[in-house]
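Everything on this sheet refers to the single structure shown next.
The model shown is predicted, which means the values in this text are computed figures rather than measured ones.
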Amino acid sequence: MGTIDFYMWAVFALTIVTMILYSLDKIKMEIISLFAIVVLLLLFQGSPILGTSSGNAVNINLLLQGFANPALIALMSLLVIGHGLLVTGALEDIAVWLSGDRRKNTLYKFYGIMILVFILSATLNNTPIIIMFIPIIIALSKQMDISSRSILIPLSYVSILGGMTTLIGSSTNLLVSGTTSTLMGRELGFFEFTHQGIFLATIGFIYSIFILPIILERQNKNIKDENLKNSESGRIYLVELEVDNENPLLGKKFVSGILSDLKEIAVNVIIRGDEKLLPPFEDVEILKHDKIVLELTKDQLTEKLKSNDKIFNSIDNTGFSSERGVLIEASVAPRSFFIGRNISQTNFEAETNCKIIGIKSDKKFLRTLPRLQKMESGNILLIKGEEKDIRNLRGKKEIFPIEWSAIYLPAKQYILRSRVIFAVTVLSAATGILNITVAALLGVILMLLTNVLNIRDAISALDTKIFLLVASSIMLSTALQETGGAIYIADILKNLMLDFNLITILSLFFIFIAVITNFLSNNATAVLFTPIAINLARDFNVEPELFIYCLIFAANCSFATPIGYKTNLLVMGPGNYQFKDYLKSGIPLVLLMWLSYTLMINFLGY
């Protein structure tokens, strides 16, 4: 008995050290996860003990089964499917349609976007959703004349709340289900806890979109919106548009020198045949075949191309059969053939199968088409092409591609395929036709077979941070269970709550997990505490589902810190948030969810 006690306390010590390191955020999460894995493998290499739960030898083979956990495989597969939706722009049209006319009903558009995020988060990994909606929310904040800081944290919270309503809505739910399957021999159903989840999520949703933006806006009155400054900074490019019959600008007139469809973008010059129209443009009407030179940043252009803005069709239609469009910046090299020539005087585009769609604005440039500007060493070009052709630019002596500036554009021809595959994956899992892990893997294979993604894309979608965090947490969870640690903690909690009724016990367990999840992570908390939840249920002679559902809802309450949930980290930079902003926004929501859960189990019998 003394031997197994040693291993139990060693696992306790490692778990506490790991939790502290995660919460301090001083060392990369991947390194901490690898540290925990290596220590466990060293500790249990050739260990003589038998597991208190399984009765099998607790050795390296048992621990490494965490890397083959079905929940982990499902989670990684869903990340790949989400990436497929992202790179094809499958959700862009929906978001743009919902945002509608910029001049009308901006508040209702905000509510509509939040509802859409809530719904999508119930069936899709939150990360690609937040990545897609951050620029939309920032643009909407300008229309609403408020700071984007006021609505980016609510965006993250809404995605978390939507994720707690279905099995695949959150990695937390999947991991609890996977651990439950290992320990109890059954997985949770797709909609098994949906009615409880919707009750809690609706209350959190009301707080997040009606109350929290007001609180944040009051706090932000004396804080400059860094997003506005950042969006207006960066390199300004000269980009040429040609107006055809399909262009929405055709027939539009400048009012006070501004085109209503391009309010945030400056017009440099309009070339009409041999005539050159210069600003200010008073009552100038846009005609067919006009060539308009715009001044805009790469981010502005990227947003227009990703949103399928028809104004920019002449840029997007490069004449090449692009499977996966890439935008990249490149500098004209010293002694380049480009120097002293304009783009039209080179064979660069024919040789590389790439197109130069913009040139960084320079005071020396004349007001004419970008393709007619004479170039000098150091001029920055904006180039569009297929991924393989962009990679081949590295061997060109005329330019230096700026690798980190590359931006991937949606492979729009695969939009329908990615949507169908996503629908098949979700429906097959939701109806129980396929196990969630099988359904997710099938979705990945279909994405690859139909060319929606290539192997390179699929691998890039696999988040090593999440993979190692989850794998190490599963290993710690297994070690806790097999050394008797989970039973030990459950016994302590049972003794502390022995005189309480079941409602009080569940309520206390909820707030305990809700606090832990904000400093550890939702995934690690879910995996580590699932065996403890099951043991508590057995000790109190109740159905384990009561404690499992409680764990799911509480572990999803990662609102009070940026490290608690990945979406909180994603909005931290664009919103210029500090740690205290999450405390002020999240603590009231955590307490509200705790109170709502307690009332729900007490009065609604859920």
**Message:** Does the plane of the ring in Tyr549 sit parallel, tilted or perpendicular to the ring in Phe193? Use 30° and 60° as the thresholds.
**Reply:** tilted

**Evaluation steps, side chain to side chain contact (heavy atoms under 4.5 Å, CB included), between Leu200 and Met164** = CA-CA 9 Å; Leu200 295 173; Met164 69 167 60; 4.3 Å; yes

**Item:** Candidate pair Asn568 and Ile160, rule side chain to side chain contact (heavy atoms under 4.5 Å, CB included), full reasoning
**Value:** CA-CA 9 Å; Asn568 290 344; Ile160 296 172; 3.9 Å; yes

**Item:** Aromatic centroids of Phe467 and Phe67 separated by under 6.0 Å
**Value:** yes

**Message:** Test your reading of the model: is there a side-chain donor-acceptor pair from Ser181 to the backbone of Ser177, 3.5 Å cut-off?
**Reply:** no

**Asked** If only atom types and distance count, is the side chain of Glu192 paired as donor or acceptor with the main-chain N or O of Gly189 below 3.5 Å?
**Response** yes

**Prompt:** Mind checking whether Val590 and Ile511 have side chains closer than 4.5 Å, heavy atoms only?
**Reply:** yes

**Request:** Before accepting this row, confirm whether a basic side-chain N of the pair Arg186/Glu545 lies closer than 4.0 Å to the acidic partner's carboxylate O.
**Result:** yes

**Of Phe547, Phe540, Phe529, the residue whose pairing with Phe509 passes ring pair (Phe, Tyr, Trp, His ring centres under 6.0 Å)** = Phe547

**Item:** Partner of Met475 under side chain to side chain contact (heavy atoms under 4.5 Å, CB included), chosen from Leu63, Val39, Val11, Leu62
**Value:** Leu63

**Asked** Checking Asp581 side chain against Tyr577 main chain: does a donor-acceptor pair fall under 3.5 Å?
**Response** no

**Item:** Asn556 and its side-chain hydrogen bond (donor to acceptor under 3.5 Å, both in side chains) partner, picked from Thr517, Thr165, Thr525, Asn173
**Value:** Asn173

**Prompt:** Tell me, do Pro531 and Thr179 make a side-chain contact under 4.5 Å, heavy atoms counted?
**Reply:** yes

**Message:** Tell me whether Thr504 contacts the main-chain N or O of Phe500 through its side chain, where contact means a donor paired with an acceptor under 3.5 Å.
**Reply:** no

**Message:** For Gly178, is there any backbone N or O sitting under 3.5 Å from a side-chain donor or acceptor partner on Thr182?
**Reply:** yes

**Prompt:** Just by distance, do the side chain of Ser558 and the backbone of Ala555 share a donor-acceptor pair under 3.5 Å?
**Reply:** yes

**Request:** Answer yes or no: is there a side-chain heavy-atom contact under 4.5 Å between Phe510 and Thr598?
**Result:** no

**Asked** With no hydrogens and no angle check, do the side chains of Ser159 and Ser121 hold a donor and an acceptor under 3.5 Å apart?
**Response** no

**Message:** Please determine whether side chain to side chain contact (heavy atoms under 4.5 Å, CB included) holds for the pair Glu482 and Met8, giving the CA-CA distance in whole Å, both sets of side-chain angles, and the decisive distance to 0.1 Å.
**Reply:** CA-CA 9 Å; Glu482 296 297 341; Met8 183 185 75; over 6 Å; no

**Message:** Between Phe210 and Tyr111 (judged by ring centroids, cut-off 6.0 Å), do the two rings come close enough to count as a pair?
**Reply:** yes

**Asked** Under 3.5 Å, side chain of Asn541 to main-chain N/O of Ala537, donor-acceptor pair present?
**Response** no

**Asked** Is the distance between the ring centroids of Tyr488 and Trp9 under 6.0 Å?
**Response** yes

**Item:** Side-chain donor or acceptor of Ser507 paired with backbone N/O of Ile503 under 3.5 Å
**Value:** no

**Prompt:** Does the separation of the ring centres of Phe44 and Tyr7 fall below 6.0 angstrom?
**Reply:** yes

**Complete:** Checking Tyr582, Phe559, Phe118 against Tyr157 for ring pair (Phe, Tyr, Trp, His ring centres under 6.0 Å), the one that qualifies is Phe559

**Message:** Could you check whether any side-chain heavy atom of Phe12 comes within less than 4.5 Å of a side-chain heavy atom of Leu480, counting everything from C-beta outward?
**Reply:** yes

**Request:** Find out whether Pro154 and Leu216 are in side-chain contact, i.e. whether some heavy atom of one side chain is under 4.5 Å from a heavy atom of the other.
**Result:** yes

**Request:** Return yes if a side-chain donor-acceptor contact under 3.5 Å exists between Ser460 and Asp457, otherwise no.
**Result:** no

**Asked** Is Leu546 close to Leu502 at the side-chain level, that is, under 4.5 Å between some pair of heavy atoms?
**Response** yes

